[in-house]
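Working notes, structure below.
The structure presented is a predicted model; accordingly, all values stated were derived computationally and were not measured.
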Amino acid sequence: MIYHPTRLCASKTRTDTFYVTLNHVLDWKTGLGCIVNAKSDKWPDKELVVKIAWSAPGQQTEATCVSHIRERVSEKDAGWVLNHIPNLLHSQDFADASEAIMETGAPIIRQYALESDYPDDLALCVSVHEKLHTLSELKEVLEYGQVIFYALQVHRWIFDHASVP
């Protein structure tokens, strides 16, 4: 677990390098992924989370799915759906954990890889998202009902209209 802020170097190209400061771990699922609170100078006014997750080779990444859904939403003029879809700010895929450790310089990836005992054929995806609100922020029973209703509506819309491959 991270007990003090750690910097992660992120980039798609050498000229687009930026840093994300990883703070405390929000969720840690050994073998699946982890979610960490973060901050970045690139998005100073946004609350961020960084997701670190394993995926099978050839498996569609979350970044691909989210991008596809966002394209379909704009084509179908269904902007209300965007209020319930993660705002993916950056995503980077690595062939394996060693490549990710070398590229990002983030000890959390090494620690996560060691604890996960990951198979060699899994790829690693590191993504930066705008933080979503948590259910623990809700105060009233009716708010829970409304959130569940919206979630079902969005899932139904995606199923009917987005054709996620």
Side-chain angles (χ1 to χ4, degrees), residues 8-29 31-96 99-100 103-104 106 108-109 112 122-165:
L8 176 136
C9 175
S11 70
K12 286 280 186 192
T13 64
R14 298 238 181 255
T15 58
D16 185 31
T17 299
F18 60 93
Y19 290 90
V20 178
T21 302
L22 305 176
N23 295 311
H24 67 279
V25 174
L26 297 171
D27 191 28
W28 185 282
K29 301 274 192 263
L32 296 175
C34 65
I35 301 172
V36 184
N37 257 345
K39 281 285 188 194
S40 176
D41 291 342
K42 187 167 182 169
W43 302 283
D45 299 333
K46 296 183 187 283
E47 287 187 65
L48 306 174
V49 293
V50 171
K51 286 185 175 182
I52 301 169
W54 300 116
S55 66
Q59 178 182 346
Q60 190 173 32
T61 64
E62 179 181 13
T64 305
C65 282
V66 169
S67 296
H68 178 77
I69 291 167
R70 285 185 170 277
E71 285 172 20
R72 298 296 293 186
V73 165
S74 56
E75 289 170 11
K76 302 278 187 180
D77 195 27
W80 64 272
V81 175
L82 292 179
N83 295 333
H84 307 282
I85 303 294
N87 187 9
L88 180 65
L89 302 170
H90 174 79
S91 179
Q92 203 167 346
D93 298 325
F94 300 96
D96 57 36
E99 179 189 351
E103 293 279 328
T104 65
I108 186 173
I109 295 174
Y112 188 75
L122 291 183
L124 191 70
C125 179
V126 176
S127 55
V128 180
H129 298 259
E130 199 167 346
K131 187 176 181 181
L132 296 173
H133 295 282
T134 63
L135 290 175
S136 62
E137 294 175 35
L138 302 176
K139 304 293 182 224
E140 303 290 326
V141 173
L142 288 176
E143 290 175 327
Y144 282 96
Q146 192 66 51
V147 167
I148 290 168
F149 178 70
Y150 286 147
L152 292 173
Q153 279 186 316
V154 169
H155 280 276
R156 181 61 193 217
W157 188 93
I158 291 170
F159 180 79
D160 290 343
H161 303 285
S163 305
V164 177

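- Here the straight-line distance linking atom CG of L152 with atom NE2 of H84 works out to 11.5 Å at 0.5 Å rounding.
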Test side chain to side chain contact (heavy atoms under 4.5 Å, CB included) on I35 and V50 and set out the steps.
CA-CA 6 Å; I35 301 172; V50 171; over 6 Å; no

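- Closest approach of I69 and A162 over heavy atoms only: CG1-CB, 4.2 Å.
- Crowding of D160 atom CG: a count of heavy atoms from other residues, nucleotides or ligands under 6.0 Å exceeding 12.
- In this structure a side-chain-to-backbone donor-acceptor pair under 3.5 Å is missing from T64 to Q60.
- Under a 3.5 Å cut-off, the side chain of H161 and the backbone N or O of A78 do not form any donor-acceptor pair.
- Here the shortest heavy-atom pairing between E130 and L89 reads N-CD1, 4.1 Å.
- One N or O on the side chain of E143 and one on the backbone of K139 form a donor-acceptor pair closer than 3.5 Å.
- The aromatic rings of W157 and W80 stand perpendicular to each other, their planes meeting at an angle above 60°, with 30° marking the opposite boundary.
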Could you check T21 against S40 for side chain to side chain contact (heavy atoms under 4.5 Å, CB included), going step by step and ending with a plain yes or no?
CA-CA 6 Å; T21 302; S40 176; over 6 Å; no

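- The minimum heavy-atom distance between H129 and S127, with the atom names listed, is NE2-OG, 2.9 Å.
- Under the side-chain contact (heavy atoms from CB on, under 4.5 Å) rule, L22 has a single partner from N37, V36, V49, which is V36.
- When all heavy atoms are compared, the tightest approach of K46 to K39 is O-NZ, 3.6 Å.
- V20 approaches A38 most closely through the heavy-atom pair CG1-CB, 3.5 Å.
- Among T61, N87, I85, the single residue meeting the side-chain contact (heavy atoms from CB on, under 4.5 Å) criterion with V66 is I85.
- Counting non-hydrogen atoms of other residues, nucleotides and ligands closer than 6.0 Å to OH of Y144 gives a total above 12.
- Here the shortest heavy-atom pairing between P86 and R70 reads O-NH2, 3.1 Å.
- Summarising the local packing, CD of E140 is surrounded by 12 or fewer heavy atoms from other residues, nucleotides or ligands at distances under 6.0 Å.
- A heavy-atom distance below 4.5 Å is not found between the side chains of V73 and E71.
- In this structure, L88 CG and K51 NZ are separated by 9.0 Å, a value rounded to the nearest 0.5 Å.
- Side-chain contact check for Q92 and H90: at least one donor-acceptor pair (N or O, by modelled atom type) lies under 3.5 Å.
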